[in-house]
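In what follows, every heavy atom counts, from backbone to side chain, and hydrogens, waters and symmetry copies are set aside. In what follows, residues are counted from 1 in the order of the sequence shown.
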Amino acid sequence: MISQKKPNIVIVIGSAPDASRSTLWDKSTHTIAAINNAWRIRSDWDYLVFPEDFPSENAPTTIQASQRLIVAKDFVPTQNTYGGFIYAGGTMAYTAAYWVLGALKPDVMAFIGCDMIYPSDGSQTHFYGNGAPDPLRDDVTLQSLEAKSIRLLALAAGQQCLCVNLSDQPTSRLMFPRMSVDQLQVLTEQGFNQHLKNLQDQLDQQRIQAALDSEEKLGYFVESGRYWEEAHLLSRVELAKIDDQWMAVLP
């Protein structure tokens with residue numbers, strides 16, 4: 001029996017407790033992009049994406065020849081090709097995702113540990129214990145994490161890339177179709193094409209273009225990526241309007 005061709009899959013691993021499920025997953029046909037501390041989850045990651053303020057003591061002290069560290073000089077130019085941080089959302093889950101989308105050009109981006117849901121009962125927030133809920137900080141680019149995820153979903157689909165969420169958590173800020181790791185492991189090119197078509201049929205292309213037109217008209221762009229240095233020039237109201245447009249893209 002001839003095996004079917006497999007799609008090019010990148011698994012993006014964040015730091016939520018759920019990410020620990022990925023420890024023993026077979027990655028023989030996948031690429032792994034870890035974010036921040038998620039490199040600790042498994043030693044065979046391929047890319048580690050982290051920001052300028054990531055504590056040096058939290059970074060790996062040794063890396064394999066096949067592994068690569070992705071820092072601001074790598075991801076800022078890539079992010080800018082997708083409209084910049086202000087419209088994409090200034091948190092590392094989205095920053096890493098846009099870098100993967102632009103640099104690796106996968107067929108599938110599968111996310112685990114990136115739900116951006118933080119318990120209010122004092123229970124564990126990250127796989128390593130408790131940490132700061134970065135995506136929930138008071139930031140003009142993060143007024144709607146859901147809208148930013150739909151933007152990513154739509155732009156990826158326009159690039160023939162399917163975003164899926166491997167989480168088994170009941171809620172998520174990622175508005176991506178859910179997929180189990182078992183489904184991902186057996187996904188064929190034919191199955192990928194069908195999933196992508198189903199998603200593209202759901203996305204309202206006219207509303208996607210309208211949202212992108214609104215972004216261009218508003219004209220917010222900081223080439224350095226340090227948008228927080230110009231936050232006083234950014235209108236929460238106008239950005240919230242664009243978030244509303246993105247929310248309307250996916251019924």
Side-chain angles (χ1 to χ4, degrees), residues 3-16 18-35 38-39 41-42 44-49 66-68 70 74-75 78-79 81-82 88-89 92-116 145-146 148-169 172-203 205 208 246 249-250:
S3 61
Q4 295 193 54
K5 184 179 177 182
K6 301 282 289 181
N8 173 19
I9 298 172
V10 176
I11 299 178
V12 179
I13 304 180
S15 292
D18 187 44
S20 297
R21 291 195 298 115
S22 67
T23 303
L24 300 177
W25 290 352
D26 176 20
K27 67 149 288 190
S28 58
T29 60
H30 307 334
T31 297
I32 289 180
I35 305 171
W39 65 271
I41 292 175
R42 53 186 302 163
D44 58 350
W45 52 269
D46 298 287
Y47 302 93
L48 173 61
V49 189
S66 60
Q67 296 175 321
R68 183 180 167 196
I70 306 301
D74 304 300
F75 60 67
T78 304
Q79 182 71 87
T81 67
Y82 291 98
M92 285 307 296
Y94 296 138
T95 298
Y98 279 105
W99 179 82
V100 168
L101 183 62
L104 304 184
K105 297 178 171 54
D107 298 317
V108 180
M109 273 197 296
F111 295 77
I112 183 71
C114 297
D115 292 309
M116 295 179 280
L145 295 170
E146 291 82 0
K148 301 308 187 192
S149 75
I150 292 176
R151 183 185 192 270
L152 173 61
L153 179 73
L155 294 189
Q159 194 178 299
Q160 305 304 305
C161 173
L162 173 69
C163 292
V164 298
N165 191 358
L166 301 176
S167 172
D168 63 0
Q169 301 303 296
S172 178
R173 313 303 286 273
L174 297 181
M175 307 293 282
F176 305 158
R178 298 280 189 131
M179 183 177 287
S180 70
V181 67
D182 290 338
Q183 291 173 310
L184 184 72
Q185 298 285 14
V186 299
L187 187 65
T188 62
E189 187 174 41
Q190 181 180 2
F192 153 71
N193 287 331
Q194 188 59 58
H195 280 288
L196 180 62
K197 182 180 184 304
N198 290 344
L199 173 62
Q200 290 172 332
D201 288 346
Q202 292 180 58
L203 296 169
Q205 297 301 319
I208 291 172
W246 283 113
V249 161
L250 190 65

*Asks:* Nearest 0.5 Å please: distance from the CG atom of Leu155 over to the CD1 atom of Ile208.
*Replies:*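 Going from CG on Leu155 over to CD1 on Ile208, the span is 7.5 Å.
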*Asks:* I need the single residue from Gln202, His195, Gln194 that forms a side-chain hydrogen bond (donor to acceptor under 3.5 Å, both in side chains) with Asn198. Which is it?
*Replies:*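 So, applying the side-chain hydrogen bond (donor to acceptor under 3.5 Å, both in side chains) to Asn198 and each of Gln202, His195, Gln194, only Gln194 qualifies.
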*Asks:* Run the salt bridge (Lys or Arg N to Asp or Glu O under 4.0 Å) test against Arg178 and tell me which residues pass, sequence neighbours left out.
*Replies:*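 Once residues adjacent in sequence are excluded, Arg178 has no partner under the salt bridge (Lys or Arg N to Asp or Glu O under 4.0 Å) criterion.
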*Asks:* Work out which heavy atom in Phe111 is nearest to a heavy atom in Ala93; give both atom names and the distance.
*Replies:*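 Residues Phe111 and Ala93, closest heavy atoms: CE2-O, 4.4 Å.
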*Asks:* From Met109 CE over to Leu153 CG, what is the distance, rounded to the nearest 0.5 angstrom?
*Replies:*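 If we round to the nearest 0.5 Å, Met109:CE and Leu153:CG are 9.0 Å apart.
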*Asks:* If I compare all heavy atoms of Pro106 with all of Val100, which pair ends up nearest, and what's the gap?
*Replies:*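 Looking at all heavy atoms of both residues, the closest pair is CD-O, 3.4 Å.
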*Asks:* Would you name the heavy atoms of Gly102 and Tyr82 that are closest together and state the gap between them?
*Replies:*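 Taking Gly102 first and Tyr82 second, the nearest heavy atoms are CA-OH, 3.3 Å.
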*Asks:* Is there a donor-acceptor pair closer than 3.5 Å between any side-chain N or O of Lys5 and the backbone N or O of Gln190?
*Replies:*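 It does not hold such a pair.
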*Asks:* Please report the interatomic distance CG(Leu174) to CG(Asp115), rounded to the nearest 0.5 Å.
*Replies:*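 Answer for the CG-CG pair, Leu174 versus Asp115, is 6.0 Å.
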*Asks:* Donor-acceptor check, side chain of Asp46 to backbone of Ile32, threshold 3.5 angstrom: yes or no?
*Replies:*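 Side chain of Asp46 to backbone of Ile32: a pair is present.
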*Asks:* Measuring only between side-chain heavy atoms, which start at C-beta, is Ile112 closer than 4.5 Å to Arg21?
*Replies:*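 Heavy-atom side-chain distance check passes, below 4.5 Å.
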*Asks:* Got Lys105 and Gln160 here, is their nearest side-chain heavy-atom distance under 4.5 Å?
*Replies:*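 Side-chain contact under 4.5 Å: no.
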*Asks:* Hey, which of Tyr94, Tyr98, Trp99 is the one that makes side chain to side chain contact (heavy atoms under 4.5 Å, CB included) with Gln79?
*Replies:*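 For Gln79, the side chain to side chain contact (heavy atoms under 4.5 Å, CB included) check succeeds only for Tyr98.
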*Asks:* Ignoring hydrogens and angles, tell me if any N or O in the side chain of Gln169 forms a donor-acceptor pair with the backbone of Asp18 under 3.5 Å.
*Replies:*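 Absent.
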*Asks:* Determine whether a donor-acceptor pair (N or O, by modelled atom type, separation under 3.5 Å) exists between the side chain of Arg173 and the backbone of Lys148.
*Replies:*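 Answer holds: no.
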*Asks:* Is a side-chain donor or acceptor of Arg151 paired with a backbone partner of Trp246 at a separation under 3.5 angstrom?
*Replies:*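 Judged by distance alone, no pair lies under 3.5 Å.
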*Asks:* Would you mind telling me which of Ser167, Ser149, Cys114 makes a side chain to side chain contact (heavy atoms under 4.5 Å, CB included) with Phe176?
*Replies:*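 Among Ser167, Ser149, Cys114, the one that satisfies the side chain to side chain contact (heavy atoms under 4.5 Å, CB included) with Phe176 is Ser149.
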*Asks:* For Ser28 and Asp26, run side-chain hydrogen bond (donor to acceptor under 3.5 Å, both in side chains): C-alpha distance rounded to whole Å, both residues' side-chain angles, the deciding distance at 0.1 Å, then the answer.
*Replies:* CA-CA 6 Å; Ser28 58; Asp26 176 20; 3.0 Å; yes
*Asks:* Do any N or O atoms from the side chain of Glu146 and from the backbone of Met175 form a donor-acceptor pair under 3.5 angstrom?
*Replies:*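 Pair absent, no side-chain N/O of Glu146 close to backbone of Met175.
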*Asks:* Can you tell me how far CG of Leu166 sits from OG of Ser180, rounded to the nearest 0.5 angstrom?
*Replies:*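 Spacing of OG (Ser180) from CG (Leu166) equals 8.0 Å.
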*Asks:* Distance-only, no hydrogens or angles: does the Lys6 side chain make a donor-acceptor pair with backbone N or O of Thr29 under 3.5 Å?
*Replies:*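 Such a contact is absent between Lys6 side chain and Thr29 backbone.
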*Asks:* Is the shortest heavy-atom distance from the side chain of Tyr47 to the side chain of Leu104 under 4.5 Å?
*Replies:*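 Side chain of Tyr47 against side chain of Leu104, heavy atoms only: contact under 4.5 Å found.
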